[in-house]
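Each remark here refers to the structure printed beneath this line.
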Amino acid sequence: MATKEYSLKPFRAERKLHIEYAKELNPQQLEAVTSQPGPALVIAGAGSGKTRTLIYRVAYLIEQGVPAQRVLLLTFTNKAAREMLRRAQELIVPDLTHMWGGTFHHMANRGLRRHAKLLGFPNDYTILDREDARDLMNAIIVEEKIDTKQQRFPKGDVLVDIYSMAVNTEKSIEQVVGELYPHFGDLTEQIEILQPKYQERKRKNTAMDYDDLLAYWLNLLQEHAEVRERYAQQFQFVLVDEYQDTNKLQADIIDLMASAHKHLMVVGDDSQSIYSWRGANFQNIIEFPKRYPGCQVFKIETNYRSVPEILEVANAAIAPNVHQFPKKLRADRKPGSKPVLVPAYDVGQQAAFVAQRMLELHEEGVSLNEMAVLYRSHFHAMELQMELTRRNIPFLITSGLRFFEQAHIKDVAAYLKIVVNPADELAFKRAAKLLRGIGDKAADKLWLTVTGHPHFVKHLDSQPVLAAVPAKARSDWKQFAATLCQIEPLKETPSEMIRVVVEAGYEDYLTASFPNYAARLEDLNQLALFAQKYENAEQFLSELALMTNLEAEDAAPVQVGDELVRLSTVHQAKGLEWQVVFLISLADMMFPNARALNSEEGEEEERRLFYVAITRAKDELYLVYPQMRFNAGYQDVLQKPSRFLADIPPALLEQFELKSEFAQF
DNA sequence: AGAGTGGGCCTTTTT
DNA sequence: GGCCCACTCT
């Protein structure tokens, strides 16, 4: 790898460049975009053109002659990376396809597929999603004969969460349990003993969970100087978006990736740090100047997104937080209308109000695509979904379940996984249990008889294996074995594999098992189309596991051209914007969430979340709360408006009086 | 004994 | 939709 340094000429407005930076950027943005190499921290408030700054920085680097493959752009979603590259590409001529861009997990996976052998892992490992990790952990709890009855023992998903937190924050399990799971304090030792078992089991199955991708990648960079040097040399410029939501593990990876040149530019906003429960630590951004002494600091504080009335509410909402960089967001836009406070009787009336107002706005000419409903938790949107369906208002919801996490998608993917990685115990058992007459026990037994065989797929149809198959499952099993043999040679065309699996029997299973089989079949059809983009099954499966909710939409069957209202959690709305935003279920204990209030930091994070939600709105913002909570079987109980609403001076809001027509629900 | 089904109760945020 | 448990069917 050539290690030529590409230096940047000092920016001078009069010098002829393709892009007229000084015209297209404000002075603060311009300063960051044209800054000299070296560590740099960009504090960019909500709606201040953070993305724009990054795009222009990329374009500027390329225009200065830096080859695309020497730039690394880390973003929160792959979609964000793609979007930025696309827009940077529009600004300049050179080809950016060789630039590395994407999420941390994406980058780690890309590196590990190349170098996993150094860690004793084959490079065709499977990536476990949350559900897989939980199932594996539960299996271990059973095998280790842990008495989960006598004393409340954490379930698989809780254990996985504990380990995840330890890995991502680089803390000990004892510390994590002590701080976040004190009620399991006396089980600490047992919890510690199980972690290596979990690690071993994944290794045996040649599988990695999300945390392993990061942890092993960091390990590779730390322990293998040749790998570290290779990438640290390659990436002369490293850009990181949403830096406030990185955790210790990710920060360490960044530091090593940028260790040769130290041309590291991180961009973020401490007020929008909302992922501490995933180990994110906004101390990373606060202490960046300490870790990189002499770094340049840029503040971008002009907000182009929202009308001043919305911004004032946002500023008031975040003000009570003690732990933040002092900053003053200035509005650039002309005055518009005040945010509206809407007390609804209950969630039903809340839904009715939102739907009604949407229709009115649509009449007034606002596109449905420019409206969004945001909430704290997925289930807060239930009534609204029903209401919108009743009124024929088309909506797109990024639900708790991702497109790719749905059972039928995972079932079919399991077939491909078995062929790609015959050590994948979870995939094998999942697929086997779909056959009639095979349940947990039979699947366990069969796995023990088939695992480790060199000609795994062909072996399934052999005499010794057939003997272990329950009699009533025999014919299904034969079909299963035949299907796997059939798709094995098709690894280069994952979409074909999917079609074969569906036609060879999965379709029959769907029709027999689900009333909505047609919709599920259509999903699988879309999945096959989506798979065509990939060169082989392994790539396709990686993508499937690492895709975010936002990206999943591109693969989900949504008719193009249709106008859709967006329903989303605040977390998933990060980085997005709409003309009109409805923020619903603003009742205390719903938003802020009751469980987050156990600590002071918890309340501050909820407040940042509230701030993120408010700053998604460009023109109109509705703050809606239900006053009554439905109490099954008993009288409804009164609930308090969110404590965050009390921090907003009443003069900044317009009070909405619900007309009686809403009260009938 | 193991597979499969249905009811009751709860639901934070996600790569 | 998930989880747990009780129940029936084979």
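Convention: sequence-line order gives letters A, B, ...; per-chain numbering from 1. Owing to the predicted nature of the structure, the values given are computational and were not obtained by experimental measurement. As a basis for the values below, the full set of heavy atoms in this structure was taken, side chains included, without hydrogen atoms, waters or symmetry mates.
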Measure [atom1]/[X] against [atom2]/[N] and give the value in whole Å, please.
X: A/F610; N: B/dT13; atom1: CZ; atom2: C1'; result: 17 Å
X: A/N516; N: C/dG1; atom1: CG; atom2: C1'; result: 13 Å
X: A/F591; N: B/dT11; atom1: CZ; atom2: P; result: 19 Å
X: A/H105; N: B/dT15; atom1: NE2; atom2: P; result: 9 Å
X: A/H380; N: B/dT12; atom1: NE2; atom2: C1'; result: 8 Å
X: A/K410; N: C/dG1; atom1: NZ; atom2: C1'; result: 15 Å
X: A/N109; N: B/dT15; atom1: CG; atom2: P; result: 15 Å
X: A/I274; N: B/dT12; atom1: CD1; atom2: C1'; result: 12 Å

Does any part of the side chain of [Y], heavy atoms only, come nearer than 4.5 Å to the side chain of [X], both counted from C-beta?
X: A/V373; Y: A/R566; result: no
X: A/E577; Y: A/R616; result: no
X: A/L112; Y: A/L220; result: yes

Next on the checklist: Under 4.0 Å, heavy atoms only, any strand: does A/Q572 hit a base, just the sugar-phosphate, or nothing?
Outcome noted: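 Sugar-phosphate only.
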Under the side-chain hydrogen bond (donor to acceptor under 3.5 Å, both in side chains) test, residues paired with [X] that sit two or more places apart:
X: A/D252; answer: A/K248
X: A/N593; answer: none
X: A/R134; answer: none

Strictly below 4.0 Å: does [X] bring a side-chain N or O up to OP1 or OP2 of [N]?
X: A/T77; N: B/dT15; value: no
X: A/H378; N: B/dT14; value: yes
X: A/R376; N: B/dT12; value: no

Item to check | Base of B/dT15 and ring of A/F104 stacked, centres under 5.5 Å, planes under 30° | outcome: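 Stacking is absent between B/dT15 and A/F104, given that the ring centres and planes do not meet under 5.5 Å and under 30°.
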Checklist entry - In terms of side-chain heavy atoms of A/F379, which of B/dT11, B/dT14, B/dT13 is nearest? => result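 Between B/dT11, B/dT14, B/dT13, the one nearest the side chain of A/F379 would be B/dT11.
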Next on the checklist: Which nucleotide wins on minimum distance to the side chain of A/N593, given the candidates B/dT13, B/dT15, B/dT12?
Outcome noted: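 Minimum distance to the A/N593 side chain belongs to B/dT12.
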Checklist entry - What heavy-atom pair brings A/R608 and A/S273 nearest, and what distance separates the two atoms? => result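 Between these two residues, the closest heavy atoms are NE-O, 2.6 Å.
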Next on the checklist: Please enumerate all residues that pass salt bridge (charged side-chain N to carboxylate O under 4.0 Å, His left out) together with A/R278, with sequence neighbours excluded.
Outcome noted: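 Checked A/R278 against salt bridge (charged side-chain N to carboxylate O under 4.0 Å, His left out); zero matches.
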Next on the checklist: So if I define the base as every atom that isn't primed, P, OP1 or OP2, how would nucleotides 3-9 of chain B read as a B/S/- string at a heavy-atom cutoff under 4.0 Å?
Outcome noted: SS-----
Checklist entry - Under 30°, 30 to 60°, or over 60°: which ring-plane class applies to A/Y181 and A/H183, parallel, tilted or perpendicular? => result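 It falls in the tilted class, 30° to 60°.
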Checklist entry - Only one of A/R113, A/H105, A/H106 forms a side-chain contact (heavy atoms from CB on, under 4.5 Å) with A/N109, so which one is it? => result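 Of the listed residues A/R113, A/H105, A/H106, the side-chain contact (heavy atoms from CB on, under 4.5 Å) partner of A/N109 is A/R113.
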Collect all protein-nucleotide pairs involving nucleotides 2-7 of chain C in which both atoms are nitrogen or oxygen and the distance is under 3.5 Å.
residue : atom : partner : partner atom : Å
C/dC3   : OP1  : A/R134  : NH1          : 2.8

